[in-house]
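Right, one structure below, let's go through it.
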Amino acid sequence: MEIYNTFTRSKEEFIPREQDQVSMYVCGPTTYNYIHLGNARPLVFFDTVRRYLLYKGYKVNYIQNFTDVDDKIINRAREEKMDPLALARKYIEEFFADSDALNVMRANIHPKVSEHINEIIELIEYLVAQGHAYQVDGDVYFAVRSFADYGKLSGRSLEDMQAGARVEVDLRKKDPMDFALWKGAKPGEPSWQSPWGNGRPGWHIECSAMAHKYLGDGFDIHGGGYDLIFPHHENEIAQSEAAGHKPFARYWMHNGFITINQEKMSKSLGNFFLVREILDKFPPDVVRWYLLSTHYRSPLDFDDEKLAVAGKGLERIKTAVRLLYEAMAFPASDGEAKTEAKAFEERLSSLRNEFEKAMDDDFNTALATSVFFELAREVNIFVGSAGRISQRDKDSMEKAHLLIKDFNSVLGVLRKIKQPANFCWRQMVQMTS
RNA sequence: GGCGGCAUAGCCAAGUGGUAAGGCAGAGGACUGCAAAUCCUCCAUUCCCCAGUUCAAAUCUGGGUGCCGCCUCCA
């Protein structure tokens, strides 16, 4: 199995840290609003990665955090006259409502910043002690110059970044690129006691602290959107590796963006669609199928028509499954197997190979979905071919059924495959004639 | 200014050296009381343009053009 590693910018053979177990950390949302489609892509994609690893027989330890302490939460809470942590809790629940709808498995652990303040403080203290961080007033900054490898993930040097720096320079910092590990409390903000006075963690430090706590050093896969490569993941590496947790993560995976008219969907551009708005118009399995219909590193353009097309495609799969169920529900007759049975079964196993080959190649879900279409066609042909259905034919159908279930255990698009409730009389006649 | 990505049929989209998957739409046919569904056939001599490497390139190299992203919170 090969994974494209952002760190080396190439596909690499995937060799987990432990033979039978894979450790994954996927950056979760800052919970100050309902999630939008752009948030849903990594959710669904990395869920599919996890499902495929499970399919391959690995145990997967999957961690996804919630950033529940953050400027945006504080601002939003102020607007709504709510307690920031209560607001964050509310949107965590709403997050689960959406992700459950999209058939995303819950992480093994969903750590929250607010519940890991001690771990964060310990990590910062260590960085300060090692000379990688320094205190200014009530704040603590990471000294990027103290970490020689700074920029190694995003492929840029500190010098490159100086040139285009658009940030206003905080003169208290030793280097303009130094970033906050700890922010001194301002009135009315949630804060915790620390060696540097009351305050709260900066954005990046949480992932370093929580990933280390739950997965240890050198865990297997760290995932998130492309826009997290810099500065978020770059900073995570700096913090963790400067603290001796080296390497921090081994495979870095980043998904491409959802676009609207070819432009990035983002909160700052205001061109985003909430998952629940979309779910008002389209079934969740269609949204999931649509998200998986393009390779995860490519941009994926969104509009209603594209979802409608995805819906038609998924319908084709579902029809095949329904026809298979109907045939399997039909009483077996005595006699020989269909002459096609053997070829059908051979075809099934080659389709399984194709599916695995696609997924083994950096999780090529687009190719995998096309294999699902081919499976649908084979099923339709076999089920529709003339002749009685013998017990032997039913065995073949059971094999197809198993393959469908396996594909679906990875793609997660057939939440509930309809049983043959509205059994079609004509097909029954046709199949017996 | 620095760094990176993408460009494949009407649309979506796989495909990193061996002669263009799959889906949607469209055309014809089979089946069907009609329809739906399903099946069969057709639908890119060609992969943005130019040059080069090679027996062979959508795939590699160089040069263009166009679009997008990161460098600031963002999945």
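Proteins come first, then strands; the chains are lettered A, B, ... in the order of their sequence lines, and each starts at number 1. In what follows, every heavy atom counts, from backbone to side chain, and hydrogens, waters and symmetry copies are set aside.
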Revision key, fill the gap. Residue set satisfying ring-ring contact (aromatic ring centres under 6.0 Å, His included) with A:Y290, at least two apart, ordered chain then number -> none
Review point. When all nucleic acid strands are considered with a 4.0 Å heavy-atom cut-off, which category describes A:T294: base, sugar-phosphate, or nothing?
Key: sugar-phosphate
Exercise for review: Quick one: label A:E374 by what it contacts on the DNA or RNA (base, sugar-phosphate, nothing), any heavy atom closer than 4.0 Å.
Suggested key: sugar-phosphate
Check your understanding: Where are the stems of RNA chain B, defined as at least 3 consecutive Watson-Crick or wobble G-U pairs with both distances under 3.5 Å?
Key -> B:1-7 with B:65-71, B:10-12 with B:22-24, B:26-30 with B:38-42, B:48-52 with B:60-64
Exercise for review: For A:N364, answer base if it contacts any base atom (sugar-phosphate contacts may also be present), sugar-phosphate if it contacts only those atoms, and nothing otherwise; contact means non-hydrogen atoms under 4.0 Å.
Suggested key: sugar-phosphate
Exercise for review: Report which part of the nucleic acid A:R156 touches: base, sugar-phosphate, or nothing (heavy-atom distance under 4.0 Å, all strands).
Suggested key: base
**Study point:** Rounded distance (Å) that lies between atom C1' of B:G1 and atom CD of A:E159
**Key:** 15 Å
Check your understanding: Atom CZ of A:R316 to atom P of B:A25: distance rounded to whole Å?
Key -> 10 Å
Review point. Would you call A:E93 and A:R89 a salt bridge, using N to O less than 4.0 angstrom?
Key: no
Practice item. Could you check whether A:H36 gets within reach of a base, just the sugar-phosphate, or nothing at all, counting any heavy atom under 4.0 Å? Key: base
Review point. Taking 4.0 angstrom as the limit, do A:D361 and A:K357 come out as a salt bridge?
Key: no
Point to revise | Salt bridge A:E374-A:R347, side-chain N to carboxylate O under 4.0 Å | key: yes
Check your understanding: Using a cut-off of less than 4.0 Å, is there contact between a side-chain N or O of A:N380 and OP1 or OP2 of B:C39?
Key -> yes
Check your understanding: On the ring face of A:Y150, is A:R145 found with NZ or CZ under 6.0 Å from the centre and within 45° of the axis?
Key -> no
Check your understanding: If you draw the axis of the six-membered ring of A:Y4, does the NZ or CZ of A:R297 fall within 45° of it and under 6.0 Å from the ring centre?
Key -> yes
